[in-house]
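Computed from a prediction, not measured in an experiment: that's the story for all the values here. Counting convention: from 1, in listed order, for ligands and their atoms alike.
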Amino acid sequence: MRTAIYPGSFDPVTNGHLDVIQRGTKLFDRIVVAVAANDTKQPLFTRDERKQMVGRAVRHLPTVEVDAFDGLLVDYVERRGAQAVIRGLRAVSDFEFEFQLALMNRKLNERIETIFMMPKDTYTFLSSRIVKEIASLGGDVSAFVPAHVRAALLSKYKIKVT
Ligand code: ADP
């Protein structure tokens with residue numbers, strides 16, 4: 001049984017994340033999407049809200065599970081009996097941080113491999129941050145997130161749907 005953990009803030013989950021998850025299902029028997037507490041990033045959605053939104057977005061994928069975690073990622077990976085960590089790589093801007101993170105995780109636990117996945121090209125410009133910014137200004141994010149995430153964004157920002 002090959003299990004990969006896909007960790008992240010998912011604040012909120014976007015079509016870019018979902019594209020990475022979908023690709024991952026072809027490589028692994030099981031994928032655990034692990035929603036990080038990440039209090040330093042001051043998320044817009046609570047961890048439960050983020051977890052719920054991911055859960056709804058992947059419910060058609062039987063090999064994908066959603067969980068929440070805090071503490072060290074490598075400890076969580078061990079606890080879940082996983083072999084790999086999946087991270088998404090969008091552009092050069094992601095590379096330096098992701099490279100540092102992957103090598104640090106390897107230092108902490110040599111057994112765990114990090115797998116980088118590239119999304120479909122149309123999602124390479126997509127980030128949770130930019131989706132929040134557009135939604136907060138009343139812009140249409142329906143091409144970037146599932147419908148229930150769009151609804152959650154509108155209600156957070158108290159924007160009326162017309
Ligand atoms: P974090 O706070 O850990 O960066 P994110 O939720 O922003 O969490 O992202 C989780 C992972 O998904 C990261 O590896 C990030 O690079 C990747 N990711 C985010 N958006 C996209 C996207 N549009 N396409 C591919 N990967 C993405």
Legend entry - Short N-O contact, Asp140 and Arg150, less than 4.0 angstrom: yes

Inset, instruction - Would you mind listing the cluster partners of Met1? Hydrophobic ones only (ILVMFWY), side-chain contacts under 4.5 Å, chaining allowed. - result: none

Legend entry - Remaining members of the apolar cluster that contains Phe97, side-chain heavy atoms under 4.5 Å: Leu101

Legend entry - Sequence-distant partners of Arg111, side chain to side chain donor-acceptor pair (under 3.5 Å), two or more places apart: Glu78

Under 3.5 Å, N/O to N/O: give me all the pairs between ligand 1 and the protein, one per line with atom names and distance.
residue: ligand 1; atom: 2 (O); partner: Ser9; partner atom: OG; Å: 2.5
residue: ligand 1; atom: 2 (O); partner: Lys41; partner atom: NZ; Å: 2.5
residue: ligand 1; atom: 3 (O); partner: Arg87; partner atom: NH1; Å: 3.2
residue: ligand 1; atom: 3 (O); partner: Arg87; partner atom: NH2; Å: 3.3
residue: ligand 1; atom: 6 (O); partner: Ser9; partner atom: N; Å: 3.2
residue: ligand 1; atom: 6 (O); partner: Phe10; partner atom: N; Å: 2.9
residue: ligand 1; atom: 6 (O); partner: His17; partner atom: NE2; Å: 3.2
residue: ligand 1; atom: 8 (O); partner: Ser9; partner atom: N; Å: 3.0
residue: ligand 1; atom: 9 (O); partner: His17; partner atom: NE2; Å: 3.4
residue: ligand 1; atom: 12 (O); partner: Tyr6; partner atom: OH; Å: 2.7
residue: ligand 1; atom: 14 (O); partner: Arg87; partner atom: NE; Å: 3.1
residue: ligand 1; atom: 14 (O); partner: Gly88; partner atom: N; Å: 3.0
residue: ligand 1; atom: 14 (O); partner: Gly88; partner atom: O; Å: 3.4
residue: ligand 1; atom: 14 (O); partner: Glu98; partner atom: OE2; Å: 3.4
residue: ligand 1; atom: 16 (O); partner: Gly88; partner atom: O; Å: 2.8
residue: ligand 1; atom: 20 (N); partner: Arg90; partner atom: NH1; Å: 3.2
residue: ligand 1; atom: 23 (N); partner: Tyr123; partner atom: O; Å: 3.0
residue: ligand 1; atom: 23 (N); partner: Leu126; partner atom: O; Å: 2.9

Legend entry - Carboxylate-amine/guanidinium contact Arg90 Glu98, below 4.0 Å: no

Legend entry - Donor-acceptor contact present, side-chain Ser9 to main-chain Asp11, <3.5 Å: no

